[in-house]
2 protein chains.
Amino acid sequence: MREKTTKRKPAARSYHHGDARNALLAAAAGLLEKVGAAGLSLRQVAERAGLSRQAPYNHFEDKEALLAELAREGFDRLGASLSVGGEPQAEMALERAADAYIRFARQAPALFRLMFSRELVDLSRFPTTARTAASAFDKLVQIVAAFAPPERVKELSLAAWSLVHGYATLCIETGLEGEELRARRARLFARIIRTDADDKRTAKLSPCPSVAGGP
Amino acid sequence: MREKTTKRKPAARSYHHGDARNALLAAAAGLLEKVGAAGLSLRQVAERAGLSRQAPYNHFEDKEALLAELAREGFDRLGASLSVGGEPQAEMALERAADAYIRFARQAPALFRLMFSRELVDLSRFPTTARTAASAFDKLVQIVAAFAPPERVKELSLAAWSLVHGYATLCIETGLEGEELRARRARLFARIIRTDADDKRTAKLSPCPSVAGGP
DNA sequence: CCCCAAATATTGACGGCGTCAATATACCAG
DNA sequence: CTGGTATATTGACGCCGTCAATATTTGGGG
(Lines give C-alpha, C1' and ligand atoms only; values in the text may rest on other atoms or scores of the structure.)
Protein backbone atom coordinates (compact mmCIF):
# COMPACT_ATOMS: atom_id res chain seq x y z
CA MET A 1 0.00 0.00 0.00
CA ARG A 2 2.95 2.28 0.32
CA GLU A 3 3.89 2.78 -3.30
CA LYS A 4 2.40 1.42 -6.45
CA THR A 5 3.08 1.54 -10.11
CA THR A 6 3.13 5.28 -10.46
CA LYS A 7 4.99 8.05 -8.77
CA ARG A 8 3.82 9.42 -5.48
CA LYS A 9 3.39 12.72 -3.88
CA PRO A 10 5.48 15.52 -5.32
CA ALA A 11 7.73 14.84 -2.41
CA ALA A 12 8.21 17.65 0.01
CA ARG A 13 4.66 18.69 0.60
CA SER A 14 1.35 17.15 1.12
CA TYR A 15 -2.07 17.61 -0.33
CA HIS A 16 -4.31 19.96 1.51
CA HIS A 17 -2.38 22.48 3.40
CA GLY A 18 0.37 19.98 3.85
CA ASP A 19 0.93 21.28 7.24
CA ALA A 20 -1.34 19.12 9.29
CA ARG A 21 1.33 16.81 10.56
CA ASN A 22 3.60 19.63 11.64
CA ALA A 23 0.69 21.56 13.08
CA LEU A 24 -0.21 18.53 15.17
CA LEU A 25 3.35 18.11 16.39
CA ALA A 26 3.63 21.77 17.26
CA ALA A 27 0.32 21.71 19.09
CA ALA A 28 1.36 18.59 20.96
CA ALA A 29 4.73 20.06 21.90
CA GLY A 30 3.05 23.18 23.20
CA LEU A 31 0.49 21.28 25.22
CA LEU A 32 3.01 18.80 26.53
CA GLU A 33 4.67 21.19 28.94
CA LYS A 34 1.33 22.55 30.08
CA VAL A 35 -0.54 19.36 30.90
CA GLY A 36 2.19 16.74 31.05
CA ALA A 37 2.68 13.70 28.90
CA ALA A 38 0.13 11.64 30.77
CA GLY A 39 -2.50 14.35 30.68
CA LEU A 40 -2.03 15.16 27.04
CA SER A 41 -4.99 14.08 24.93
CA LEU A 42 -5.12 13.66 21.20
CA ARG A 43 -8.40 15.50 21.15
CA GLN A 44 -6.89 18.61 22.68
CA VAL A 45 -3.95 18.38 20.32
CA ALA A 46 -6.24 18.21 17.31
CA GLU A 47 -8.35 21.09 18.49
CA ARG A 48 -5.33 23.25 19.18
CA ALA A 49 -4.11 22.53 15.66
CA GLY A 50 -7.48 23.58 14.30
CA LEU A 51 -8.32 20.11 13.10
CA SER A 52 -10.91 17.54 13.84
CA ARG A 53 -10.77 15.03 16.61
CA GLN A 54 -9.67 12.19 14.36
CA ALA A 55 -7.07 14.16 12.38
CA PRO A 56 -4.06 12.74 14.26
CA TYR A 57 -4.86 9.31 12.91
CA ASN A 58 -4.21 10.50 9.37
CA HIS A 59 -0.59 11.13 10.25
CA PHE A 60 0.22 8.91 13.21
CA GLU A 61 -0.72 5.37 13.88
CA ASP A 62 -1.83 6.11 17.40
CA LYS A 63 -1.13 8.36 20.34
CA GLU A 64 2.09 6.60 21.23
CA ALA A 65 3.43 7.18 17.71
CA LEU A 66 2.87 10.91 18.03
CA LEU A 67 4.60 10.91 21.41
CA ALA A 68 7.47 8.92 19.90
CA GLU A 69 7.96 11.60 17.28
CA LEU A 70 8.05 14.28 19.95
CA ALA A 71 10.61 12.21 21.79
CA ARG A 72 12.70 11.88 18.65
CA GLU A 73 12.80 15.64 18.22
CA GLY A 74 13.79 15.88 21.86
CA PHE A 75 16.69 13.46 21.47
CA ASP A 76 17.77 15.37 18.41
CA ARG A 77 17.91 18.64 20.30
CA LEU A 78 19.55 17.03 23.30
CA GLY A 79 22.21 15.40 21.18
CA ALA A 80 22.93 18.66 19.41
CA SER A 81 23.27 20.52 22.69
CA LEU A 82 25.84 18.00 23.92
CA SER A 83 28.31 18.71 21.14
CA VAL A 84 28.06 22.44 20.59
CA GLY A 85 31.29 24.18 19.75
CA GLY A 86 34.46 22.39 18.89
CA GLU A 87 36.40 20.44 21.47
CA PRO A 88 39.09 23.01 22.21
CA GLN A 89 39.97 21.27 25.41
CA ALA A 90 38.52 17.94 26.32
CA GLU A 91 38.83 19.32 29.81
CA MET A 92 35.66 21.33 29.63
CA ALA A 93 33.71 19.16 27.23
CA LEU A 94 32.30 16.87 29.88
CA GLU A 95 31.37 19.71 32.18
CA ARG A 96 29.65 21.56 29.38
CA ALA A 97 27.78 18.46 28.29
CA ALA A 98 26.59 17.86 31.84
CA ASP A 99 25.44 21.45 32.06
CA ALA A 100 23.58 21.18 28.77
CA TYR A 101 21.94 17.93 29.82
CA ILE A 102 20.67 19.38 33.07
CA ARG A 103 19.56 22.56 31.35
CA PHE A 104 17.62 20.55 28.81
CA ALA A 105 15.76 18.61 31.48
CA ARG A 106 14.93 21.79 33.36
CA GLN A 107 13.75 23.68 30.31
CA ALA A 108 11.41 20.96 29.07
CA PRO A 109 10.73 18.61 31.96
CA ALA A 110 7.64 17.02 30.44
CA LEU A 111 9.48 16.30 27.21
CA PHE A 112 12.43 14.96 29.14
CA ARG A 113 10.15 12.60 31.08
CA LEU A 114 8.50 11.50 27.88
CA MET A 115 11.86 10.69 26.28
CA PHE A 116 12.75 8.37 29.13
CA SER A 117 9.39 6.88 29.96
CA ARG A 118 8.96 3.37 28.71
CA GLU A 119 5.35 3.37 29.85
CA LEU A 120 4.50 6.28 27.58
CA VAL A 121 6.53 5.28 24.55
CA ASP A 122 8.09 1.88 24.03
CA LEU A 123 11.19 2.51 21.93
CA SER A 124 11.20 -1.02 20.56
CA ARG A 125 8.19 0.07 18.50
CA PHE A 126 9.99 3.14 17.16
CA PRO A 127 13.49 2.31 15.94
CA THR A 128 14.02 5.77 14.49
CA THR A 129 13.53 7.38 17.86
CA ALA A 130 15.68 4.69 19.44
CA ARG A 131 18.50 5.42 17.01
CA THR A 132 18.31 9.13 17.68
CA ALA A 133 18.52 8.43 21.39
CA ALA A 134 21.52 6.16 20.92
CA SER A 135 23.22 8.83 18.85
CA ALA A 136 22.77 11.37 21.65
CA PHE A 137 24.31 8.98 24.15
CA ASP A 138 27.17 8.41 21.75
CA LYS A 139 28.10 12.07 22.02
CA LEU A 140 28.78 11.48 25.66
CA VAL A 141 30.85 8.39 24.96
CA GLN A 142 33.04 10.37 22.60
CA ILE A 143 33.61 13.05 25.17
CA VAL A 144 34.69 10.49 27.74
CA ALA A 145 36.88 8.70 25.22
CA ALA A 146 38.87 11.90 24.81
CA PHE A 147 40.40 11.58 28.27
CA ALA A 148 39.72 8.12 29.66
CA PRO A 149 41.87 5.03 29.10
CA PRO A 150 40.25 3.00 26.31
CA GLU A 151 39.37 0.01 28.46
CA ARG A 152 37.46 2.23 30.87
CA VAL A 153 35.50 4.32 28.37
CA LYS A 154 32.42 2.15 28.56
CA GLU A 155 32.02 2.08 32.30
CA LEU A 156 33.02 5.71 32.73
CA SER A 157 30.59 6.99 30.13
CA LEU A 158 27.93 4.82 31.71
CA ALA A 159 28.71 6.36 35.07
CA ALA A 160 28.77 9.87 33.64
CA TRP A 161 25.44 9.37 31.97
CA SER A 162 23.91 7.85 35.09
CA LEU A 163 25.24 10.63 37.27
CA VAL A 164 23.93 13.46 35.15
CA HIS A 165 20.70 11.74 34.22
CA GLY A 166 19.99 10.85 37.82
CA TYR A 167 20.60 14.39 38.98
CA ALA A 168 18.44 15.87 36.24
CA THR A 169 15.68 13.39 36.97
CA LEU A 170 15.76 13.99 40.70
CA CYS A 171 15.67 17.74 40.15
CA ILE A 172 12.59 17.75 37.98
CA GLU A 173 10.80 14.97 39.83
CA THR A 174 11.45 15.90 43.43
CA GLY A 175 12.43 19.56 43.27
CA LEU A 176 15.74 18.53 44.80
CA GLU A 177 17.62 21.72 43.98
CA GLY A 178 17.16 24.96 42.15
CA GLU A 179 18.42 26.01 38.77
CA GLU A 180 21.07 28.27 40.31
CA LEU A 181 23.18 25.24 41.27
CA ARG A 182 23.27 23.81 37.78
CA ALA A 183 26.71 25.06 36.80
CA ARG A 184 28.22 24.04 40.11
CA ARG A 185 26.79 20.55 39.89
CA ALA A 186 27.96 20.13 36.31
CA ARG A 187 31.46 20.99 37.47
CA LEU A 188 31.22 18.60 40.42
CA PHE A 189 30.00 15.72 38.28
CA ALA A 190 32.61 16.26 35.61
CA ARG A 191 35.31 16.35 38.25
CA ILE A 192 34.08 13.14 39.84
CA ILE A 193 34.34 11.30 36.55
CA ARG A 194 37.73 12.80 35.74
CA THR A 195 39.05 12.00 39.18
CA ASP A 196 38.09 8.37 38.81
CA ALA A 197 39.52 8.20 35.31
CA ASP A 198 42.84 9.53 36.58
CA ASP A 199 42.93 7.35 39.65
CA LYS A 200 45.89 5.01 39.57
CA ARG A 201 44.47 2.44 41.93
CA THR A 202 41.58 1.55 39.68
CA ALA A 203 43.63 1.41 36.53
CA LYS A 204 44.69 -2.19 36.94
CA LEU A 205 41.27 -3.44 37.95
CA SER A 206 38.14 -3.95 35.91
CA PRO A 207 38.72 -6.23 32.95
CA CYS A 208 35.00 -5.57 32.66
CA PRO A 209 33.01 -6.80 29.67
CA SER A 210 30.70 -4.64 27.63
CA VAL A 211 27.87 -2.29 28.33
CA ALA A 212 25.75 -4.34 25.95
CA GLY A 213 23.55 -2.76 23.35
CA GLY A 214 21.04 -0.15 24.40
CA PRO A 215 17.37 -0.26 23.49
CA MET B 1 -26.54 -7.13 47.39
CA ARG B 2 -23.40 -8.86 48.40
CA GLU B 3 -24.73 -10.72 51.42
CA LYS B 4 -27.37 -9.75 53.81
CA THR B 5 -28.34 -9.59 57.40
CA THR B 6 -25.66 -11.79 58.91
CA LYS B 7 -22.65 -10.42 60.70
CA ARG B 8 -19.21 -9.93 59.25
CA LYS B 9 -15.88 -10.81 60.58
CA PRO B 10 -15.26 -8.47 63.48
CA ALA B 11 -11.77 -8.19 62.08
CA ALA B 12 -9.25 -5.83 63.45
CA ARG B 13 -10.75 -2.42 63.25
CA SER B 14 -13.36 -1.32 60.88
CA TYR B 15 -17.00 -1.96 60.33
CA HIS B 16 -17.91 -4.28 57.54
CA HIS B 17 -15.07 -6.54 56.78
CA GLY B 18 -12.67 -3.90 57.94
CA ASP B 19 -10.23 -4.91 55.40
CA ALA B 20 -11.40 -2.89 52.46
CA ARG B 21 -8.60 -0.37 52.58
CA ASN B 22 -5.90 -3.00 52.75
CA ALA B 23 -7.64 -5.10 50.14
CA LEU B 24 -7.65 -2.11 47.82
CA LEU B 25 -3.98 -1.41 48.43
CA ALA B 26 -3.05 -5.02 47.86
CA ALA B 27 -5.09 -5.17 44.68
CA ALA B 28 -3.52 -1.94 43.48
CA ALA B 29 -0.01 -3.13 44.27
CA GLY B 30 -0.64 -6.34 42.38
CA LEU B 31 -2.06 -4.59 39.35
CA LEU B 32 0.59 -1.91 39.36
CA GLU B 33 3.36 -4.12 38.06
CA LYS B 34 1.06 -5.69 35.49
CA VAL B 35 -0.44 -2.64 33.84
CA GLY B 36 1.84 0.17 34.94
CA ALA B 37 1.04 3.18 37.02
CA ALA B 38 -0.47 5.11 34.14
CA GLY B 39 -2.64 2.21 33.03
CA LEU B 40 -3.89 1.38 36.48
CA SER B 41 -7.54 2.20 36.92
CA LEU B 42 -9.47 2.54 40.14
CA ARG B 43 -12.23 0.46 38.66
CA GLN B 44 -9.96 -2.49 38.06
CA VAL B 45 -8.51 -2.11 41.52
CA ALA B 46 -11.95 -2.16 43.09
CA GLU B 47 -13.07 -5.16 41.09
CA ARG B 48 -9.92 -7.09 41.94
CA ALA B 49 -10.56 -6.36 45.61
CA GLY B 50 -14.10 -7.68 45.23
CA LEU B 51 -15.65 -4.29 45.82
CA SER B 52 -17.77 -1.92 43.92
CA ARG B 53 -16.45 0.65 41.54
CA GLN B 54 -16.80 3.52 44.00
CA ALA B 55 -15.31 1.69 46.99
CA PRO B 56 -11.88 3.37 46.71
CA TYR B 57 -13.48 6.70 47.49
CA ASN B 58 -14.49 5.47 50.93
CA HIS B 59 -10.83 5.13 51.87
CA PHE B 60 -8.90 7.48 49.61
CA GLU B 61 -9.65 10.96 48.52
CA ASP B 62 -8.89 10.22 44.91
CA LYS B 63 -6.75 8.08 42.69
CA GLU B 64 -3.62 10.08 43.39
CA ALA B 65 -4.06 9.53 47.13
CA LEU B 66 -4.12 5.77 46.64
CA LEU B 67 -1.01 5.96 44.49
CA ALA B 68 0.66 8.13 47.13
CA GLU B 69 0.04 5.44 49.72
CA LEU B 70 1.57 2.82 47.45
CA ALA B 71 4.56 5.12 47.00
CA ARG B 72 4.88 5.53 50.74
CA GLU B 73 5.05 1.79 51.24
CA GLY B 74 7.65 1.69 48.50
CA PHE B 75 9.83 4.31 50.16
CA ASP B 76 9.49 2.42 53.42
CA ARG B 77 10.76 -0.77 51.86
CA LEU B 78 13.48 1.00 49.94
CA GLY B 79 14.70 2.79 53.06
CA ALA B 80 14.75 -0.44 55.00
CA SER B 81 16.74 -2.20 52.31
CA LEU B 82 19.38 0.51 52.39
CA SER B 83 20.30 -0.08 56.00
CA VAL B 84 20.12 -3.83 56.41
CA GLY B 85 22.69 -5.37 58.69
CA GLY B 86 24.96 -3.39 60.91
CA GLU B 87 27.70 -1.23 59.52
CA PRO B 88 30.63 -3.55 60.17
CA GLN B 89 32.78 -1.66 57.78
CA ALA B 90 31.67 1.56 56.24
CA GLU B 91 33.68 0.29 53.31
CA MET B 92 30.96 -1.97 52.04
CA ALA B 93 27.96 0.01 53.20
CA LEU B 94 27.79 2.23 50.15
CA GLU B 95 28.26 -0.63 47.74
CA ARG B 96 25.58 -2.65 49.43
CA ALA B 97 23.18 0.29 49.45
CA ALA B 98 23.77 0.86 45.77
CA ASP B 99 23.13 -2.80 45.09
CA ALA B 100 19.92 -2.73 47.11
CA TYR B 101 18.72 0.42 45.35
CA ILE B 102 19.25 -1.07 41.91
CA ARG B 103 17.70 -4.35 42.97
CA PHE B 104 14.64 -2.54 44.26
CA ALA B 105 14.13 -0.69 40.99
CA ARG B 106 14.52 -3.89 39.01
CA GLN B 107 12.18 -5.92 41.16
CA ALA B 108 9.34 -3.38 41.11
CA PRO B 109 9.92 -1.05 38.21
CA ALA B 110 6.37 0.27 38.05
CA LEU B 111 6.42 1.08 41.76
CA PHE B 112 9.82 2.67 41.42
CA ARG B 113 8.57 4.88 38.60
CA LEU B 114 5.52 5.80 40.63
CA MET B 115 7.66 6.82 43.60
CA PHE B 116 9.61 9.26 41.47
CA SER B 117 6.94 10.51 39.13
CA ARG B 118 5.71 13.96 39.97
CA GLU B 119 3.09 13.71 37.26
CA LEU B 120 1.47 10.72 38.92
CA VAL B 121 1.74 11.78 42.53
CA ASP B 122 2.62 15.27 43.66
CA LEU B 123 4.41 14.83 46.98
CA SER B 124 3.51 18.32 48.14
CA ARG B 125 -0.03 16.99 48.56
CA PHE B 126 1.15 14.03 50.65
CA PRO B 127 3.61 15.08 53.35
CA THR B 128 3.64 11.64 54.94
CA THR B 129 4.91 10.07 51.76
CA ALA B 130 7.35 12.95 51.32
CA ARG B 131 8.74 12.37 54.81
CA THR B 132 9.17 8.67 54.20
CA ALA B 133 11.05 9.47 51.01
CA ALA B 134 13.30 11.94 52.79
CA SER B 135 14.02 9.37 55.46
CA ALA B 136 15.13 6.86 52.83
CA PHE B 137 17.49 9.41 51.30
CA ASP B 138 18.82 10.14 54.75
CA LYS B 139 20.05 6.57 55.02
CA LEU B 140 22.32 7.28 52.11
CA VAL B 141 23.57 10.50 53.65
CA GLN B 142 24.53 8.64 56.81
CA ILE B 143 26.46 6.05 54.84
CA VAL B 144 28.41 8.74 53.04
CA ALA B 145 29.00 10.64 56.27
CA ALA B 146 30.82 7.58 57.62
CA PHE B 147 33.76 8.09 55.28
CA ALA B 148 33.57 11.53 53.68
CA PRO B 149 34.95 14.75 55.14
CA PRO B 150 32.06 16.59 56.79
CA GLU B 151 32.10 19.55 54.43
CA ARG B 152 31.71 17.23 51.45
CA VAL B 153 28.97 14.96 52.77
CA LYS B 154 26.20 16.90 51.10
CA GLU B 155 27.59 17.01 47.63
CA LEU B 156 28.93 13.48 47.77
CA SER B 157 25.68 11.97 48.96
CA LEU B 158 23.93 13.97 46.27
CA ALA B 159 26.32 12.56 43.70
CA ALA B 160 25.94 9.03 45.05
CA TRP B 161 22.19 9.24 44.95
CA SER B 162 22.21 10.72 41.45
CA LEU B 163 24.60 8.08 40.20
CA VAL B 164 22.67 5.12 41.50
CA HIS B 165 19.26 6.58 40.78
CA GLY B 166 20.27 7.49 37.26
CA TYR B 167 21.62 4.02 36.58
CA ALA B 168 18.54 2.33 38.02
CA THR B 169 16.26 4.61 36.03
CA LEU B 170 18.14 4.09 32.78
CA CYS B 171 18.08 0.34 33.29
CA ILE B 172 14.35 0.05 33.76
CA GLU B 173 13.44 2.72 31.23
CA THR B 174 15.79 1.91 28.40
CA GLY B 175 16.85 -1.67 29.07
CA LEU B 176 20.39 -0.37 29.24
CA GLU B 177 21.90 -3.42 30.90
CA GLY B 178 20.88 -6.73 32.36
CA GLU B 179 20.47 -7.74 35.95
CA GLU B 180 23.68 -9.75 35.88
CA LEU B 181 25.76 -6.57 35.97
CA ARG B 182 24.10 -5.20 39.05
CA ALA B 183 26.75 -6.21 41.57
CA ARG B 184 29.56 -5.02 39.35
CA ARG B 185 27.94 -1.65 38.80
CA ALA B 186 27.24 -1.20 42.49
CA ARG B 187 30.93 -1.78 43.14
CA LEU B 188 31.94 0.63 40.39
CA PHE B 189 29.65 3.37 41.64
CA ALA B 190 30.73 2.98 45.25
CA ARG B 191 34.34 3.14 44.17
CA ILE B 192 33.77 6.28 42.13
CA ILE B 193 32.31 8.08 45.13
CA ARG B 194 35.02 6.82 47.46
CA THR B 195 37.75 7.78 45.03
CA ASP B 196 36.45 11.31 44.84
CA ALA B 197 36.04 11.52 48.60
CA ASP B 198 39.68 10.46 49.07
CA ASP B 199 41.03 12.72 46.37
CA LYS B 200 43.41 15.27 47.82
CA ARG B 201 43.07 17.79 45.04
CA THR B 202 39.41 18.38 45.63
CA ALA B 203 39.70 18.63 49.36
CA LYS B 204 40.56 22.29 49.44
CA LEU B 205 37.93 23.30 46.91
CA SER B 206 34.18 23.51 47.22
CA PRO B 207 33.10 25.81 50.01
CA CYS B 208 29.75 24.83 48.53
CA PRO B 209 26.50 25.86 50.17
CA SER B 210 23.70 23.49 50.98
CA VAL B 211 21.70 20.94 49.09
CA ALA B 212 18.56 22.74 50.20
CA GLY B 213 15.50 20.96 51.45
CA GLY B 214 13.98 18.16 49.42
CA PRO B 215 10.42 18.10 48.12
C1' DC C 1 -11.11 19.52 -19.48
C1' DC C 2 -13.19 16.14 -16.71
C1' DC C 3 -13.54 12.33 -13.85
C1' DC C 4 -11.71 8.81 -10.83
C1' DA C 5 -8.81 6.33 -7.39
C1' DA C 6 -6.43 7.46 -3.64
C1' DA C 7 -5.19 10.43 0.11
C1' DT C 8 -7.10 13.19 3.59
C1' DA C 9 -10.70 14.90 6.74
C1' DT C 10 -14.90 14.63 9.47
C1' DT C 11 -18.71 12.79 12.18
C1' DG C 12 -20.93 8.94 14.83
C1' DA C 13 -20.44 5.30 18.06
C1' DC C 14 -18.41 2.27 21.72
C1' DG C 15 -16.31 1.00 25.81
C1' DG C 16 -13.40 2.60 29.61
C1' DC C 17 -11.99 6.09 32.69
C1' DG C 18 -12.29 9.38 37.20
C1' DT C 19 -15.48 11.27 39.96
C1' DC C 20 -19.91 13.66 41.71
C1' DA C 21 -24.72 12.82 43.57
C1' DA C 22 -28.14 10.19 45.45
C1' DT C 23 -29.31 6.17 47.73
C1' DA C 24 -29.06 1.97 50.47
C1' DT C 25 -27.01 -0.69 54.14
C1' DA C 26 -24.41 -1.97 58.35
C1' DC C 27 -22.54 -0.57 62.76
C1' DC C 28 -22.36 1.50 67.50
C1' DA C 29 -23.99 4.69 71.27
C1' DG C 30 -27.86 6.06 73.90
C1' DC D 1 -35.02 -0.12 69.92
C1' DT D 2 -33.57 4.15 67.65
C1' DG D 3 -31.05 7.47 65.48
C1' DG D 4 -26.78 9.03 63.52
C1' DT D 5 -22.85 8.05 61.12
C1' DA D 6 -19.58 5.47 58.59
C1' DT D 7 -19.57 2.51 54.71
C1' DA D 8 -21.16 0.63 50.25
C1' DT D 9 -23.55 0.70 45.87
C1' DT D 10 -25.71 2.34 41.66
C1' DG D 11 -26.64 6.12 38.26
C1' DA D 12 -24.98 9.85 35.58
C1' DC D 13 -21.65 13.09 33.33
C1' DG D 14 -17.93 14.43 30.61
C1' DC D 15 -13.50 13.16 28.71
C1' DC D 16 -10.61 9.81 26.64
C1' DG D 17 -8.55 6.62 22.59
C1' DT D 18 -9.94 4.54 18.70
C1' DC D 19 -12.86 1.91 15.10
C1' DA D 20 -16.26 2.42 11.21
C1' DA D 21 -18.54 4.85 7.88
C1' DT D 22 -18.80 8.87 5.24
C1' DA D 23 -17.49 13.15 2.97
C1' DT D 24 -14.11 16.01 0.78
C1' DT D 25 -9.91 17.22 -1.63
C1' DT D 26 -6.15 16.10 -4.70
C1' DG D 27 -3.38 15.12 -8.78
C1' DG D 28 -3.03 12.52 -13.00
C1' DG D 29 -4.83 9.84 -17.13
C1' DG D 30 -8.71 9.54 -20.58
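Below, read A as the first sequence line, B as the second, and so on, with proteins coming before strands; counting in each chain starts at 1.
Set against C/dT8, D/dA8, C/dT11, the side chain of A/Asn58 has C/dT8 as its closest nucleotide. For A/Tyr57, whose side chain is taken as the heavy atoms from C-beta onward, the closest listed nucleotide among C/dT19, D/dT18, C/dT11 is D/dT18. Checking D/dT18, D/dA8, C/dT19 against the side-chain heavy atoms of A/Lys63 singles out D/dT18 as nearest.
Scored by the side chain to side chain donor-acceptor pair (under 3.5 Å) test, A/Asn58 finds no partners at all (sequence neighbours excluded). Under the salt bridge (Lys or Arg N to Asp or Glu O under 4.0 Å) criterion, B/Arg106 pairs with B/Glu179, sequence neighbours left out. The salt bridge (Lys or Arg N to Asp or Glu O under 4.0 Å) search around A/Asp76 returns A/Arg72, not counting sequence neighbours. Partners of A/Glu73 under the salt bridge (Lys or Arg N to Asp or Glu O under 4.0 Å) rule, at least two apart in sequence or in another chain, do not exist in this structure.
OP1 or OP2 of D/dA8 sits under 4.0 Å from a side-chain N or O of B/His59.
Among the candidates A/Phe189, A/Phe104, A/Phe116, the single residue satisfying the ring pair (Phe, Tyr, Trp, His ring centres under 6.0 Å) test with A/His165 is A/Phe116.
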Contacts under 3.5 angstrom, residues 24-35 of chain A side chains, donor-acceptor by atom type, not counting sequence neighbours:
unit_1	atom_1	unit_2	atom_2	d
A/Glu33	OE1	A/Ala110	N	3.1
A/Glu33	OE2	A/Ala110	N	3.4
A/Glu33	OE2	A/Leu111	N	2.9

Only pairs under 3.5 Å count here: list side-chain donor-acceptor contacts from residues 135-147 of chain A, not counting sequence neighbours, and write none if there are none.
unit_1	atom_1	unit_2	atom_2	d
A/Asp138	OD2	A/Gln142	NE2	2.9
A/Lys139	NZ	A/Gly79	O	3.2

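Counting non-hydrogen atoms under 4.0 angstrom, A/Gln44 reaches the backbone sugars and phosphates but no base.
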Scan nucleotides 21-24 of chain C against the protein and return all N/O pairs shorter than 3.5 Å with their distances rounded to 0.1 Å.
unit_1	atom_1	unit_2	atom_2	d
C/dA21	N6	B/Gln54	NE2	3.1

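For residues 43-53 of chain B, the set of pairs meeting the side-chain hydrogen bond (donor to acceptor under 3.5 Å, both in side chains) definition, not counting sequence neighbours, comprises B/Ser41-B/Gln44.
Within a heavy-atom distance below 4.0 Å of DNA chain C, the residues of residues 33-41 of chain B found are B/Leu40, B/Ser41.
The residue among A/Arg43 and B/Glu64 whose nearest nucleotide of DNA chain C is located toward the 5' end is A/Arg43.
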